Amino acid sequence: MELIYSTYVRYLAAVCSRYIINSEDVKDVLQDSFLKIFATIPSFEYRGKNSLKGWMTKVTVNEALKFLQRTGRMKFVEISEHDMPEEAPDIDELTPSAIYNLIRELPDGYRTIFNLYVIENKSHKEIASLLNIKESTSASQLHRAKSLLAMKIRQYKH
């Protein structure tokens with residue numbers, strides 16, 4: 001357990017922080033994730049290189065989603081159509097750190113759907129099932145998240 005923890009704690013903390021902003025909440029969710037990982041590791045099936053990392057990532061994402069739902073933070077902020085940019089901004093000049101920080105500025109609901117779709121490669125059907133929403137809600141919220149992120153990128157560049 002010590003080896004697993006020391007090997008993956010930083011990676012899983014980063015996964016957790018994609019969904020949760022407050023560092024104390026990240027620590028709590030990370031602790032819950034490791035408790036779940038250690039309690040259920042006997043049921044883990046090795047399926048090749050990185051299967052353990054993938055499984056632990058899934059557990060951590062699920063714990064983060066449970067936290068957001070339990071605390072009522074899974075809310076979506078409406079932005080008007082005229083505020084939505086028509087074309088994607090140029091991000092070539094932005095550092096990965098700057099992009100990461102701009103994503104973290106998104107409201108919890110938008111950030112969650114954006115991360116699930118873009119980073120975790122979940123379909124709208126999978127996201128809808130995870131968050132107990134309609135697929136169309138997932139798709140529209142992703143569109144709004146991308147639009148809001150584009151606005152933030154433009155503001156950051158100016």
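Please read these numbers as outputs of a predicted model, since none were measured by experiment.
- Hydrophobic clustering, with ILVMFWY side chains joined whenever heavy atoms are under 4.5 angstrom apart, keeps L3 apart from Y46.
- E120 has no carboxylate O lying under 4.0 Å from a charged side-chain N of K122, or vice versa, which leaves the two without a salt bridge.
- Contact check for L131 versus L68: no side-chain heavy atoms found under the 4.5 Å cut-off.
- The minimum heavy-atom distance between V29 and C16, with the atom names listed, is CG1-SG, 3.3 Å.
- In this structure, a donor-acceptor pair under 3.5 Å is absent between the side chains of T60 and Y11.
- Screening residues 111-138 for ring pair (Phe, Tyr, Trp, His ring centres under 6.0 Å) gives Y117-H124 as the qualifying pairs, with residues at least two apart or on separate chains.
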Walk me through whether M56 and I4 qualify under side-chain contact (heavy atoms from CB on, under 4.5 Å).
CA-CA 10 Å; M56 291 192 314; I4 289 172; 3.7 Å; yes
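- Using a 4.5 Å cut-off on side-chain heavy atoms (C-beta onward), Y8 and T57 make no contact.
- Around the OH atom of Y5, the shell of radius 6.0 Å holds no more than 12 heavy atoms that belong to other residues, nucleotides or ligands.
- Using a 4.5 Å heavy-atom cutoff, the side chains of N62 and L130 are in contact.
- Remark: S147 OG to M151 CE distance equals 8.5 Å, nearest 0.5 Å.
- The closest side-chain heavy-atom distance from L94 to K157 is below 4.5 Å.
- To the nearest 0.5 Å, atoms OG (S97) and CG (N101) are separated by 4.5 Å.
- Within the 4.5 Å cutoff, the side chain of W55 has heavy atoms near those of the L52 side chain.
- Under the 4.5 Å side-chain heavy-atom criterion for ILVMFWY residues, no single connected hydrophobic cluster contains both V59 and L35.
- Within the 4.5 Å cutoff, the side chain of I21 has heavy atoms near those of the R111 side chain.
- With L106 as the partner, the side chain to side chain contact (heavy atoms under 4.5 Å, CB included) test is satisfied by one option alone out of N115, L149, T112: L149.
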When you look at L30 and V15, which way does the side-chain contact (heavy atoms from CB on, under 4.5 Å) test go after all the steps?
CA-CA 9 Å; L30 191 58; V15 168; over 6 Å; no
Begin with the C-alpha distance, continue with both residues' side-chain angles, and end with the deciding distance and a verdict on side-chain contact (heavy atoms from CB on, under 4.5 Å) for S17 and R104.
CA-CA 8 Å; S17 68; R104 285 179 50 91; 3.3 Å; yes
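- Once rounded to the nearest 0.5 Å, the distance linking NZ of K36 with CG of D32 reads 10.0 Å.
- A donor-acceptor pair under 3.5 Å links the side-chain atoms of T95 to the main chain of A98, judged by distance alone.
- Side chain of Q69 to main chain of K66: no donor-acceptor pair is present (N/O by atom type, distance under 3.5 Å, no hydrogens or angles).
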Test log, rule side-chain contact (heavy atoms from CB on, under 4.5 Å), inputs I127 and L142
CA-CA 11 Å; I127 294 169; L142 175 65; over 6 Å; no
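- Taking all atoms of both residues into account, the shortest heavy-atom contact from L12 to F34 is CD1-CZ, 3.7 Å.
- You'll find the side chain of S138 stays beyond 4.5 Å of the side chain of L116, heavy atoms only.
- Inter-residue side-chain proximity for T71 and D25 is flagged as unmet; no heavy-atom pair is nearer than 4.5 Å.
- Under a hydrophobic-cluster definition in which Ile, Leu, Val, Met, Phe, Trp and Tyr are linked whenever side-chain heavy atoms come within less than 4.5 Å, directly or via other members, Y156 and Y100 are assigned to different clusters.
- Considering all non-hydrogen atoms of both residues, V26 and I20 come closest at CG2-O, 3.4 Å.
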